[in-house]
Amino acid sequence: MDIDLAMRVLDAHVAFEKRRLRDPAAFLELITEEVDGALAEADVLTLAEAVTREQIKAVAHKYAVQFPVEGAIPELVGEVAARLYNHRVNDEMEVGEVVDTRHFDDLVDAIAGMEVTHRLLRMVLNSPVTVDACVEAVQRAVVTAVDDGRHVEGGGLAASLRGALSRLAEPAMPVIENGVGRITRTGARFVLRGNSNDADEVLIDTARETWRKHVGDSVGTFREVVSADDVEDIVVLAFEFWRSFRDTDYFHALLDEGIDHVFDKYGDTALTELLAELGVSRADIMEEALRFGPSVLEKLDERGYLDALLRRRLAPFYASAEFRAAVAGTG
């Protein structure tokens, strides 16, 4: 008799829970009740009370450091990147439709006005490496000019003179290169230092001029510079860099420090307040629950999974000693 009663009550309980999940009005009532209940508890529960920083660090290290990046993940990222690269919207949209000129000008002004931009420009312009690059470029130009003159094609007096001068200059190339290097180095230092104060304006003017030349072009013109193979190579390089970088003590230290800062700042903050800080409100939670809940539950019910899930969760109680004791009044 207890078994028959248990089965009848189990069937009724499953039917009751299914109705609450499948009936729109009942589901709304259920979700409202659960969300409000969870938020009421979260209002008096702080982040540090809910989880420890060690637990969060363990999870962060698992997914940022230990989680494998081989196999399907790089392949999927590469396929998505290729699909975005070839998407027709790139050819249908103009650059100016994505970012208009006013916003671009504001962005350039903001970047040029940053102190870090000034420091980087001064560092580059005052760097010996920049001077060396200028010297090498000029020396290569001289060597190329002499070499071209030596192998000049065609006839005529001018071609003959160029060839003769190049052949005469060839034995003296080491001296010429040394002299060109000294002169160029002095001139480069003078020019770079003299223009360091105007570098910001040059940067802004160059960026704006380049922008205005291409503002009417389709976004897809970037394919003239970046090929599909380049995109694939960038994805591979990014994953290779991440694979090695995430194993460094440097990254581990930064990851732990970031988590420590979150706990130092929000450890004593109620979870509801923390959600609000992250921009997640009760309305957002309700919206997403009602967006996905009904359709997922409908699909589960269609395939018989919902009934099986509810019975799997409820049946152990109705077969338990606790249920039999409650029915017998001996619990």
Side-chain angles (χ1 to χ4, degrees), residues 63-65 67-127 129-138 140-141 144 188 191-192 195-248 250-251 254-255 258 279:
Y63 290 101
V65 179
F67 197 78
V69 292
E70 294 81 9
I73 296 177
E75 181 181 356
L76 179 62
V77 172
E79 290 171 351
V80 171
R83 189 160 178 170
L84 297 179
Y85 178 89
N86 293 306
H87 199 287
R88 65 177 184 274
V89 74
N90 292 312
D91 301 311
E92 296 171 351
M93 298 288 290
E94 293 183 357
V95 173
E97 293 179 277
V98 179
V99 180
D100 61 47
T101 301
R102 182 176 64 83
H103 283 98
F104 179 81
D105 287 343
D106 291 343
L107 176 63
V108 171
D109 288 338
I111 294 175
M114 295 170 62
E115 280 300 317
V116 66
T117 304
H118 301 321
R119 289 194 295 270
L120 286 173
L121 285 173
R122 285 194 295 270
M123 186 183 299
V124 171
L125 293 175
N126 295 330
S127 172
V129 176
T130 304
V131 176
D132 291 342
C134 294
V135 171
E136 184 175 353
V138 174
R140 286 181 181 274
T144 301
V191 171
L192 291 173
N195 287 277
S196 61
N197 293 330
D198 299 326
D200 297 345
E201 290 300 323
V202 173
L203 176 66
I204 293 174
D205 292 342
T206 302
R208 283 177 173 162
E209 182 180 352
T210 302
W211 174 265
R212 282 166 174 74
K213 283 183 178 179
H214 298 285
V215 70
D217 296 345
S218 68
V219 177
T221 54
F222 76 89
R223 298 193 190 102
E224 298 174 2
V225 179
V226 182
S227 68
D229 290 338
D230 293 331
V231 173
E232 183 177 348
D233 291 342
I234 290 171
V235 171
V236 172
L237 288 173
F239 273 102
E240 288 300 323
F241 169 78
W242 175 244
R243 194 198 311 270
S244 59
F245 177 68
R246 69 179 187 163
D247 285 329
T248 62
Y250 175 74
F251 175 72
L254 294 183
L255 182 61

Hey, what do you get for [atom1] ([X]) to [atom2] ([Y]), rounding to the nearest 0.5 Å?
{"X": "His87", "Y": "Met93", "atom1": "NE2", "atom2": "CE", "result": "11.5 Å"}
{"X": "Glu94", "Y": "Thr221", "atom1": "CD", "atom2": "OG1", "result": "10.0 Å"}
{"X": "Asp106", "Y": "Thr101", "atom1": "CG", "atom2": "OG1", "result": "10.5 Å"}

Kindly give the heavy-atom pair with the smallest separation between [X] and [Y], and that separation in Å.
{"X": "Glu92", "Y": "Glu97", "result": "O-OE1, 4.1 Å"}
{"X": "Leu255", "Y": "Ala64", "result": "CD2-CB, 4.3 Å"}
{"X": "Asn90", "Y": "Leu84", "result": "ND2-O, 2.8 Å"}
{"X": "Pro68", "Y": "Ile73", "result": "O-CD1, 3.7 Å"}
{"X": "Val235", "Y": "Pro74", "result": "CG1-O, 4.2 Å"}
{"X": "Gly220", "Y": "Asp91", "result": "CA-OD1, 4.0 Å"}

| message | Let's go through Glu79 and Arg83 carefully: what are the C-alpha distance in whole Å and the side-chain angles of both, what is the deciding distance for salt bridge (charged side-chain N to carboxylate O under 4.0 Å, His left out) to 0.1 Å, and is it a yes or a no? | response | CA-CA 6 Å; Glu79 290 171 351; Arg83 189 160 178 170; over 6 Å; no

[X] side-chain N/O to [Y] backbone N/O, donor-acceptor pair under 3.5 Å:
{"X": "Arg223", "Y": "Tyr85", "answer": "yes"}
{"X": "Asp230", "Y": "Ser227", "answer": "yes"}
{"X": "Asp105", "Y": "Arg102", "answer": "no"}
{"X": "Asp217", "Y": "Phe222", "answer": "no"}

| field | Test item: Val99 and Trp211 side chains (from C-beta on) under 4.5 Å apart, heavy atoms | value |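 In short, these two side chains touch, coming nearer than 4.5 Å.
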
| task | Please work out whether the ring planes of Phe245 and Trp242 are parallel, tilted or perpendicular, with thresholds of 30° and 60°. | result |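 Geometry flag for Trp242 against Phe245: tilted rings.
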
| said: Is the terminal nitrogen or CZ of Arg208 (NZ for Lys, CZ for Arg) located under 6.0 angstrom from the six-membered ring centre of Phe104 and within 45° of that ring's axis? | reply: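 Not flagged: Arg208 not positioned over aromatic ring of Phe104.
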
